Amino acid sequence: PRLPRAVCRRCLRPVSVCYCRHLTSLETQTRVVLLQHPRERHVAIGTARMASLCLPGAELHVGVKWDGSPELARALSDPARPAVLLYPGEGAIDVAKHPPPGPVTLIVVDGTWWQARKLVRANLELARLPRYAFTPPAPSEYRIRREPHETYVSTLEALVHVLGVLE
C-alpha cells in the first residue's frame, strides 16, 4: 500500500515543495482580513495562504456568505481601523492617489475573478464598504496562473502593492 505524502502543517503543501523557509514575517499597522472562496482553499498555486503566513496579524477565512458572520462582524468593529474593501470597480478610490487617512482593516476577497466578484455581490456588508483599488505598476509576475487582463494581479501581489502604499 502507498503511504500518503508528508504535508507541512503550516503551508499545507507536500514537504518536498514546502515554501515556509522562504517566507518573511512582516508586522503591519494595517489589519488584513482575507475572505477566500471555498474553491480556492485547496488550490496549491493560490497566494492567499502564503500572504496570511507572512502577515502575523492577518486572518484567513473561507466561505461564501459573510453577512452577519462573526468573522466579518469582528473585522467591521474596530473604530481605530475602519474597514475598507480592496476590490476594483465602479466607485473604487485609487489607494496611491487618495490613501485612507489612518490605519485600516483591509478586507481582501480571494478567488478567481469570477469567484471574487460573486463574493462581493453576494454580501451586502462587503459591497457597502469603501472600495479601494490600484493600477499595478507592471503586469503580474506570478507566472503559475494566468490573469485574465494585464492589469490584474494575484492576491499576494495586490497586498504587496497596497501595503507598500499604506505602510
Side-chain angles (χ1 to χ4, degrees), residues 2 4-20 22-23 25-26 28 30-78 81-92 95 104-134 136 140-149 151-163:
R2 264 177 87 153
R5 289 195 287 184
V7 173
C8 172
R9 297 180 100 166
R10 186 166 179 243
C11 69
L12 306 179
R13 303 281 300 132
V15 171
S16 61
V17 290
C18 168
Y19 51 70
C20 290
H22 301 290
L23 298 178
S25 184
L26 178 66
T28 62
T30 303
R31 180 174 169 211
V32 176
V33 178
L34 296 143
L35 302 179
Q36 187 177 57
H37 191 281
R39 289 187 181 165
E40 282 294 300
R41 172 183 240 163
H42 298 293
V43 173
I45 57 175
T47 62
R49 180 156 196 82
M50 191 181 300
S52 72
L53 294 174
C54 292
L55 301 168
E59 299 174 30
L60 175 61
H61 304 288
V62 179
V64 175
K65 288 300 218 175
W66 297 105
D67 287 348
S69 72
E71 297 87 359
L72 187 58
R74 252 192 335 272
L76 301 178
S77 68
D78 185 353
R81 287 184 177 85
V84 299
L85 179 66
L86 177 60
Y87 191 76
E90 191 175 328
V95 72
V104 295
T105 297
L106 185 66
I107 310 289
V108 182
V109 291
D110 177 66
T112 64
W113 282 97
W114 180 85
Q115 292 165 348
R117 187 171 26 254
K118 182 178 178 180
L119 283 175
V120 173
R121 286 184 181 160
N123 294 280
L124 290 176
E125 286 181 280
L126 287 179
R128 287 189 196 120
L129 290 174
R131 200 178 277 196
Y132 282 85
F134 64 95
S140 175
E141 291 185 37
Y142 189 59
R143 302 287 181 238
I144 297 171
R145 215 175 196 179
R146 255 182 82 120
E147 297 296 343
H149 191 274
T151 61
Y152 294 179
V153 296
S154 71
T155 299
L156 182 62
E157 290 172 307
L159 278 166
V160 166
H161 182 77
V162 172
L163 290 174

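Just so you know, these numbers come straight off a predicted model, no measurement behind them.
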Candidate pair Asn123 and Asp67, rule side-chain contact (heavy atoms from CB on, under 4.5 Å), full reasoning: CA-CA 6 Å; Asn123 294 280; Asp67 287 348; 3.5 Å; yes
Surrounding CZ of Arg81 (heavy atoms of other residues, nucleotides or ligands, distance under 6.0 Å), is the total greater than 12? yes
Is any side-chain heavy atom of Met50 closer than 4.5 Å to a side-chain heavy atom of Leu23? yes
Looking at Leu34, is its backbone amide N or carbonyl O close enough to the side chain of Asp110 to form a donor-acceptor pair, meaning the two atoms are under 3.5 Å apart? no
Verify, without hydrogens or angle tests, whether Arg10 (side chain) and Leu53 (backbone) share a donor-acceptor contact under 3.5 angstrom. yes
Rounded distance (nearest 0.5 Å) linking atom CZ of Arg41 with atom CG of Leu60: 8.0 Å
Do Gln115 and Gln36 have side chains that approach each other closer than 4.5 Å (heavy atoms only, starting at C-beta)? no
For Ala158 and Leu86, which heavy atoms make the closest approach, and how far apart are they? CB-CD2, 4.2 Å
Ignoring hydrogens and geometry, is there a side-chain-to-backbone donor-acceptor pair from Glu40 to His37 under 3.5 Å? no
Under 3.5 Å, is there a donor-acceptor pair linking the side chains of Thr105 and Asp78? no
Ion pair present between Arg131 and Glu90, side-chain N to carboxylate O less than 4.0 angstrom? no
Heavy-atom nearest pair, Pro38 first then Val62, reads CA-CG1, 3.5 Å
So which heavy atom on Val109 is nearest to which on Ala116, and how close? CG2-CB, 3.8 Å
List the atom of Val120, the atom of Ala127, and the distance in Å for their closest heavy-atom pair. O-CB, 3.7 Å
Can you name the nearest heavy-atom pair linking Pro130 to Ala83, along with the distance? CD-O, 3.7 Å
Ignoring hydrogens and geometry, is there a side-chain-to-backbone donor-acceptor pair from Glu71 to Trp66 under 3.5 Å? no
I would like to know whether Thr47 and Leu159 meet side-chain contact (heavy atoms from CB on, under 4.5 Å); could you show each step before the answer? CA-CA 10 Å; Thr47 62; Leu159 278 166; over 6 Å; no
Answer yes or no: does atom CZ of Arg74 have more than 12 heavy-atom neighbours from other residues, nucleotides or ligands under 6.0 Å? yes
Under 3.5 Å: donor-acceptor pair, side chain of Ser69, backbone of Leu72: yes
So Leu35 and Leu126, side-chain contact (heavy atoms from CB on, under 4.5 Å) or not? Walk me through it. CA-CA 10 Å; Leu35 302 179; Leu126 287 179; 3.8 Å; yes
Here the pair of heavy atoms bringing Pro88 nearest to Trp113 is CG-CZ3, 3.7 Å
Contact between Leu129 and Leu76 at the side-chain level, heavy atoms closer than 4.5 Å - yes or no? yes
Determine, step by step, whether Ile107 and Tyr87 satisfy the side-chain contact (heavy atoms from CB on, under 4.5 Å) criterion, reporting the C-alpha distance in whole Å, the side-chain angles of both residues, the deciding distance to 0.1 Å, and the verdict. CA-CA 9 Å; Ile107 310 289; Tyr87 191 76; over 6 Å; no
Tell me every residue that passes side chain to side chain contact (heavy atoms under 4.5 Å, CB included) with Val7, counting only those two or more places apart in sequence or in another chain. none
Could you check whether any side-chain heavy atom of Leu55 comes within less than 4.5 Å of a side-chain heavy atom of Leu163, counting everything from C-beta outward? yes
